[in-house]
Number of protein chains: 2
Amino acid sequence: MKKEIKKQHFQKEVEKEMEIFEDLLKKDGLKVTAQRLLVAEKIFSLHSHFTAESLSDMFKDKRDEISKATIYRILSIMVKANLLIENDFGKDYKYYEHIIGHEHHDHIICMDCNRIVEFFEPKIEELQEKIAESNNFTIKGHSLNIYANCKKGSSCEHLNSNYK
Amino acid sequence: MKKEIKKQHFQKEVEKEMEIFEDLLKKDGLKVTAQRLLVAEKIFSLHSHFTAESLSDMFKDKRDEISKATIYRILSIMVKANLLIENDFGKDYKYYEHIIGHEHHDHIICMDCNRIVEFFEPKIEELQEKIAESNNFTIKGHSLNIYANCKKGSSCEHLNSNYK
DNA sequence: GTTTGTGCAAATCATTTGCACCGCG
DNA sequence: CGCGGTGCAAATGATTTGCACAAAC
């Protein structure tokens, strides 16, 4: 029962997000295509980090296969529109996460199992602001990645990487 | 006169660093070649961030031109030996800085002029340690980049980018 | 109908690698 | 000498792009 409620909640969220996305397309004179809707819906329904590759794979088995070129073009639109955050975790490909309903946060990247953990520390944010200020800069953004190992016996050991 | 003292100081520093580098090569059974000495000496004498490209360019006009492949191979040796830090500033190439005599620090990257400013904030370091700890991780490293614009009237406006 | 999007294959660009020759130890 | 190092050119791999055709408005 609880599960059902949660699912409905998520569906409602996704609908709301899809509306924002479609409005954005129209506002910018971009066309509402099947590929854009499918990709955006998939992205909004994901609740973890993904790569262009992993996103592409999600359409591999379906009749709705979408070319990598198009995937990249849609990701680019959504990043520019601030619907998506592009993360560089030191690999040679990018990680994405959708931003609506997700407060700003930083990341711990586990070097053992590739797990990505989010955290938010207001004091760090505040200190960054001060540092930029005292150096005569205006902060436009930041990226803080903690690279770490999971300790022996942590739940990490049981997980497989979802990330290539 | 002061300048002279400073220059001597730097030269002494570089000599010390070169000794460390040569010892490292020998210890690891690697050969002491002209290219390795030239590149290391150049790196130790630099006091700002550089790229494989910019480093390569520094040898372009001299009779001692060194191939990019060799440059990359030497950079790799020095990074593995902890003589060099490899930084990802959100561009599609890496930035390097030599580490001997340079305390750990984080970076502000100016999006207007590409200037890179270093800073160190012990409180942020401490908070990161706590965050990792409370999530059952052992920190192996971190990267904190603040992306910013220089304020109107700052010295930034007069500088040209040294980075491609 | 015109303009924009898509898929494909080719291009790009930093970095890596195979290989033949070179030079340190 | 013998093995590791270097330079060259080709390979790599994620992402981008030109182009012809297809779909949206």
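Below, chain A is the first sequence line, B the second, and so on; all start at residue 1. The structure presented is a predicted model; accordingly, all values stated were derived computationally and were not measured.
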message: Tell me if the aromatic rings of Tyr95(A) and His49(A) count as close, with their centers under 6.0 Å from one another.
response: no

- prompt: Taking the side chain of Ala69(B) as heavy atoms from C-beta outward, which of dA9(D), dA23(D), dG25(C) is closest to it?
  reply: dA9(D)

task: Give, ordered by number, those residues of residues 33-44 of chain B having at least one heavy-atom distance below 4.0 Å to an atom of DNA chain D; if nothing qualifies, reply none.
output: Thr33(B), Gln35(B), Arg36(B)

Pairwise 5' ranking along DNA chain C for Leu30(B) and Ser76(B), keeping only the more 5' one: Ser76(B)

task: Can you check whether any acceptor in the base of dG4(D) is under 3.5 Å from a donor in the side chain of Arg73(B), or vice versa?
output: no

Asn145(A) side chain vs Ser143(B) backbone, donor-acceptor pair below 3.5 Å: no

- prompt: Atom OH of Tyr72(B) and atom P of dG7(D): how far apart are they, to the nearest Å?
  reply: 15 Å

task: Provide, to the nearest angstrom, the distance between the CD1 atom belonging to Ile71(A) and the C1' atom belonging to dT15(D).
output: 13 Å

Nucleotide of dT6(C), dT15(D), dG4(D) approaching Lys31(B) most closely (side-chain heavy atoms): dG4(D)

query: What about His105(A) and Phe119(A), are their ring centers closer than 6.0 Å?
result: no

- prompt: Taking the side chain of Tyr93(B) as heavy atoms from C-beta outward, which of dG23(C), dA24(D), dT15(C) is closest to it?
  reply: dT15(C)

message: In this structure, how many angstroms lie between the C1' atom of dG25(C) and the CG atom of Leu25(B), rounded?
response: 13 Å

message: Tell me if the centroids of the rings in His104(B) and His142(B) come within less than 6.0 Å of each other.
response: yes

- prompt: Out of dG25(C), dT17(D), dG7(D), which nucleotide sits closest to the side chain of Ile66(B)?
  reply: dG7(D)

- request: Determine whether Ile66(B) and Met18(B) fall in the same hydrophobic cluster, where Ile, Leu, Val, Met, Phe, Trp and Tyr are linked whenever their side-chain heavy atoms lie under 4.5 Å apart.
  value: yes

Separation of dT15(C) P from Asp92(B) CG (nearest whole Å): 8 Å

- request: Calculate the interatomic distance between Glu65(A) atom CD and dT6(C) atom P; express it in whole Å.
  value: 15 Å

message: Without decimals, in angstroms, what is the distance between Lys91(A) NZ and dA14(C) C1'?
response: 19 Å

- request: Mind checking Lys94(A) for me? I need base, sugar-phosphate or nothing, with any heavy atom below 4.0 Å counting as a touch.
  value: sugar-phosphate

query: Restricting to pairs with a member in residues 30-39 of chain B, which pass side chain to side chain donor-acceptor pair (under 3.5 Å), not counting sequence neighbours?
result: none

- prompt: Roughly, in whole Å, what's the span from NZ in Lys68(A) to P in dA10(C)?
  reply: 16 Å

query: Near Glu19(A) CD, under 6.0 Å, is it more than 12 heavy atoms from other residues, nucleotides or ligands?
result: no

- line: Rounded to whole Å, CD of Glu86(A) lies from P of dA14(D) at a distance of 15 Å

